[in-house]
Amino acid sequence: MRLFKPLLLLPVLPFMLMLSGDGETSMVRQVLGPSSAVSAIPIPLDASDPKRVRVGRLHYLKGWRLENPDPAFGSFSSMLVSDEALLLLNDAGGYVRLARGPGDTIGAAKFGDLPDGPGDPYLKRNRDSESMTVDPRTGAIWVGFESRNAIWRYAPGLARAEAGRRPPEMRKWPGNAGAEAMARLSSGRFLVLSEGGKAPPGADAALLFDRDPTDPAAKATRFYYRPPSGFRVTDAAELPDGRVLVLHRRLGVWPLFTAKLSILDPKTIERDGLASDEEIATLAPPLAVDNMEALAITREEGRIIVWIASDDNFGTPFQKSLLLKFVLEDGGR
C-alpha cells in the first residue's frame with residue numbers, strides 16, 4: 001500500500017492523471033527503464049550500537065540500503081528469494097531481479113514488468129501488485145492485485161501470464177486493502193490477508209483457499225485476522241513447520257514507521273472465526289526500519305532465514321529501500 005506519494009505529487013497531479021474507460025480517474029503508473037546497476041550499501045541493525053544483532057527472536061545477519069537513479073525503482077511490496085537471486089516486485093507491476101553472489105554480495109540487476117494483469121497496463125490501479133508467492137516445485141508465481149481484488153498466476157520467472165481471477169469472496173474488499181499478503185502453503189492451500197474488509201473491530205477479512213485461487217473450482221474459508229493493535233498486515237510467508245510468519249507495519253508521527261513480526265498457525269483457522277498470532281519481534285528506531293512491506297523465508301545450513309524489504313513509495317525523500325536478513329532463532333518458538 002502506498003502512503004504518501006499522492007500528497008507529494010499534488011503540484012504535478014494534473015499532468016499524471018487520465019480518465020479511464022469506466023469513468024474513474026487514475027494515476028499513470030511508473031515503469032522501470034533499462035536495467036542498470038543497483039547500489040547495495042551495507043547498514044547495521046542499530047546505527048547507534050553497531051554491535052547489536054538481536055531483536056526479539058531474530059538474529060541480524062546483514063542489511064543493505066538499495067539505490068538506483070531510475071524514478072520507478074523501489075516501492076517494493078513483495079519478494080521471493082532463491083540461492084541465485086532476489087526477486088523484488090513493486091506496487092506498480094515492475095520487478096527487479098538481483099543476482100546473489102558469494103558471501104551475500106548483490107550482483108547484476110535485471111529490471112522487468114509483469115507481462116499481463118487486470119485491465120489497461122497504463123493505469124497504476126491495474127498493476128497495484130501488493131503480494132506474491134511461489135510454488136517451489138514448479139516455479140509458478142502468483143501475484144495479488146490490491147486495487148482490483150484479483151489474483152493472477154504466472155509462469156516461472158514471470159515469463160508469461162497463465163491465469164487470472166477475481167475470487168467472489170474478495171470482490172467486496174476495499175479497493176485499497178485487498179490481497180495485501182498472500183502465502184502458498186506446502187499443502188497447496190493459499191492464505192490471503194486483506195488490510196481491511198468487513199470484519200469485527202480490530203480485525204481484517206481473510207481467506208484460506210483450498211487450492212490455486214485462479215482455479216474457478218477453488219473454495220475459500222472466510223475468517224478474520226487480528227493483527228497487533230495499531231498495525232496493518234503487509235506480507236506473509238510459510239515457515240518450514242507449516243506455520244506462517246506475518247509482517248505488519250504501523251504509521252505514526254514518531255516513530256514514523258514501526259514493524260512487527262508474528263506467527264500465525266493455520267491449524268487454528270476456523271470458518272468465520274477470529275485468528276490471532278504470537279508476536280516475535282518489533283523493529284522501531286533506532287533499529288533499521290522503514291515502511292516494511294516485503295517478506296521471504298529461505299533455509300541456509302539448517303537455519304531459517306527471514307528477509308524483509310521496505311516500500312519507499314518510489315523515492316519519497318524521507319524513506320529508503322531497505323533489505324534486511326535475519327536468522328529466526330529456535331524456529332520462532
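- Salt bridge absent: R100 and E84 never bring a charged side-chain N and a carboxylate O closer than 4.0 Å.
- Considering only residues two or more places apart in sequence or on other chains, R250 meets the side-chain contact (heavy atoms from CB on, under 4.5 Å) condition with F231, T258.
- Without hydrogens or angle criteria, R29 side chain to A92 main chain gives a donor-acceptor distance under 3.5 Å.
- Looking at N90, its side chain does come within 3.5 Å of a backbone N or O of G94 through a donor-acceptor pair.
- With side-chain heavy atoms closer than 4.5 Å counting as contact, directly or through intermediates, the hydrophobic cluster containing F223 also holds L185, L191, L193, L208, Y225, V233, V244, V246, L264, I269.
- Of the candidates I304, V53, I308, F326 forms a side chain to side chain contact (heavy atoms under 4.5 Å, CB included) with just one, namely I308.
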**Q.** Intermediate values then yes/no, side chain to side chain donor-acceptor pair (under 3.5 Å), S186 and E238
**A.** CA-CA 8 Å; S186 55; E238 187 185 37; 3.2 Å; yes
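- You'll find the side chain of L66 reaches within 4.5 Å of the side chain of L88, heavy atoms only.
- Looking at R243, its side chain never comes within 3.5 Å of a backbone N or O of P266 through a donor-acceptor pair.
- Between E300 and K325 there is a side-chain heavy-atom pair separated by less than 4.5 Å.
- Across all non-hydrogen atoms, the minimal contact from A181 to A236 is CB-N, 3.8 Å.
- Ionic pairing of R249 and E195 is present here: one or more N-O contacts between side-chain nitrogen and carboxylate oxygen are shorter than 4.0 angstrom.
- The aromatic rings of W64 and W307 sit parallel, their planes meeting at an angle under 30°, below the 60° perpendicular limit.
- Across all their heavy atoms, I43 and A288 have their closest contact at CD1-CB, 4.1 Å.
- Distance check, rounded to the nearest 0.5 Å: CG of L324 to CG of L322 gives 5.5 Å.
- The line from CE of M182 to CZ of F190 is 7.0 Å long, rounded to the nearest 0.5 Å.
- Shown here for A179 and S131, the closest heavy-atom pair between the two residues is O-OG, 2.8 Å.
- With contacts defined as side-chain heavy-atom distances shorter than 4.5 Å, the pair D91/R127 does not qualify.
- Note that CD1 of I141 and CG of L114 are 9.5 Å apart. Values are rounded to the nearest 0.5 Å.
- When all heavy atoms of D235 and S77 are compared, the closest pair comes out as OD2-O, 3.9 Å.
- Residue I305 is grouped with residue M79 when hydrophobic side chains (ILVMFWY) are merged at heavy-atom distances under 4.5 angstrom, including chains of intermediate members.
- Linking ILVMFWY residues whenever their side-chain heavy atoms come closer than 4.5 Å, directly or via other members, places V306 and V289 in the same cluster.
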Q: Please report the C-alpha distance between D128 and R148 in whole Å, then the side-chain angles of each, then the deciding distance to 0.1 Å, and finally whether the salt bridge (Lys or Arg N to Asp or Glu O under 4.0 Å) criterion is met.
A: CA-CA 8 Å; D128 191 4; R148 285 301 193 182; over 6 Å; no
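- For the pair S78 (side chain) and T133 (backbone), a donor-acceptor distance under 3.5 Å is absent.
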Q. Would V28 and K124 count as a side-chain contact (heavy atoms from CB on, under 4.5 Å) if you check the C-alpha gap in whole Å, the side-chain angles of each, and the deciding distance to 0.1 Å?
A. CA-CA 5 Å; V28 175; K124 165 65 176 67; over 6 Å; no
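- With contacts defined as side-chain heavy-atom distances shorter than 4.5 Å, the pair I280/I263 qualifies.
- Counting only residues at least two apart or in different chains, salt bridge (charged side-chain N to carboxylate O under 4.0 Å, His left out) contacts with residues 256-267 comprise K260-E279.
- We find that R184 and D135 are joined by a salt bridge, their nearest charged nitrogen and carboxylate oxygen being less than 4.0 Å apart.
- Linking ILVMFWY side-chain heavy atoms closer than 4.5 Å, directly or via other members, places V81 and V327 in a single hydrophobic cluster.
- Tracing side-chain contacts under 4.5 Å through hydrophobic residues (I, L, V, M, F, W, Y), one never reaches F145 starting from V192; they form parts of separate clusters.
- A205 and Y224 get closest at one heavy-atom pair: CA-CD2, 4.2 Å.
- Side-chain contact between F111 and Y95 is absent, with no heavy atoms from C-beta onward closer than 4.5 Å.
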Throw together a table of side-chain donor-acceptor distances under 3.5 angstrom for residues 149-157, partners on residues two or more places apart or in other chains.
{"residue": "N149", "atom": "ND2", "partner": "M170", "partner atom": "O", "Å": "3.1"}
{"residue": "N149", "atom": "ND2", "partner": "W173", "partner atom": "O", "Å": "2.9"}
{"residue": "R153", "atom": "NE", "partner": "E162", "partner atom": "OE1", "Å": "3.0"}
{"residue": "R153", "atom": "NH1", "partner": "D212", "partner atom": "OD2", "Å": "2.7"}
{"residue": "R153", "atom": "NH1", "partner": "T214", "partner atom": "OG1", "Å": "3.0"}
{"residue": "Y154", "atom": "OH", "partner": "D116", "partner atom": "O", "Å": "2.6"}

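- You'll find the side chain of V38 stays beyond 4.5 Å of the side chain of K110, heavy atoms only.
- Taken to the nearest 0.5 Å, the CG atom of L45 stands 4.5 Å off from the CG atom of L287.
- Without hydrogens or angle criteria, T316 side chain to F318 main chain gives no donor-acceptor distance under 3.5 Å.
- Distance NE2/H59 to CG/L328: 12.5 Å, rounded to 0.5 Å.
- Side-chain atoms of D312 come within 3.5 Å of backbone N or O of G315 as a donor-acceptor pair.
- Note: S262 OG to H248 NE2 = 3.5 Å, rounded to the nearest 0.5 Å.
- Closest non-hydrogen pair, Q30 versus P71, comes out as OE1-O, 3.1 Å.
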Q.
Show, in sequence, the C-alpha distance, side-chain angles and deciding distance for S310 and D290, and conclude whether the side chain to side chain donor-acceptor pair (under 3.5 Å) test is met.
A. CA-CA 6 Å; S310 66; D290 206 278; 4.6 Å; no
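- The only member of R54, R303, R57 that meets side chain to side chain donor-acceptor pair (under 3.5 Å) when paired with E329 is R54.
- Contact check on K198 versus E169 returns no salt bridge, with no Lys/Arg side-chain nitrogen under 4.0 Å from an Asp/Glu carboxylate oxygen.
- Side chains of L295 and L261 form a contact here, defined as non-hydrogen atoms less than 4.5 Å apart.
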Q: Would you check, one step at a time, whether the test side chain to side chain donor-acceptor pair (under 3.5 Å) holds for N68 with S36?
A: CA-CA 8 Å; N68 180 275; S36 58; 2.8 Å; yes
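- Shown here is R299, whose CZ atom has more than 12 heavy atoms of other residues, nucleotides or ligands within 6.0 Å.
- Here F73 pairs with F76 under the ring-ring contact (aromatic ring centres under 6.0 Å, His included) rule; sequence neighbours left out.
- Two residues are said to be in side-chain contact when any heavy atoms from C-beta on lie closer than 4.5 Å; Y60 and R52 fail this criterion.
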(Q) salt bridge (Lys or Arg N to Asp or Glu O under 4.0 Å), that's the test. Do K51 and D49 meet it? Break it down for me. (A) CA-CA 5 Å; K51 294 183 179 180; D49 181 8; over 6 Å; no
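- Residues passing the side chain to side chain donor-acceptor pair (under 3.5 Å) test with R160, sequence neighbours excluded: none.
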(Q) Determine whether D204 and R232 satisfy the following criterion, salt bridge (Lys or Arg N to Asp or Glu O under 4.0 Å), listing intermediate values before the conclusion. (A) CA-CA 9 Å; D204 297 318; R232 291 291 194 179; 2.8 Å; yes
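- By the 6.0 Å contact criterion, CD on E270 is open, its count of non-hydrogen atoms from other residues, nucleotides or ligands being 12 or less.
- Judged by distance alone, with hydrogens and angles left aside, the side-chain atoms of N291 form a donor-acceptor pair with the main-chain N or O of D311 at under 3.5 Å.
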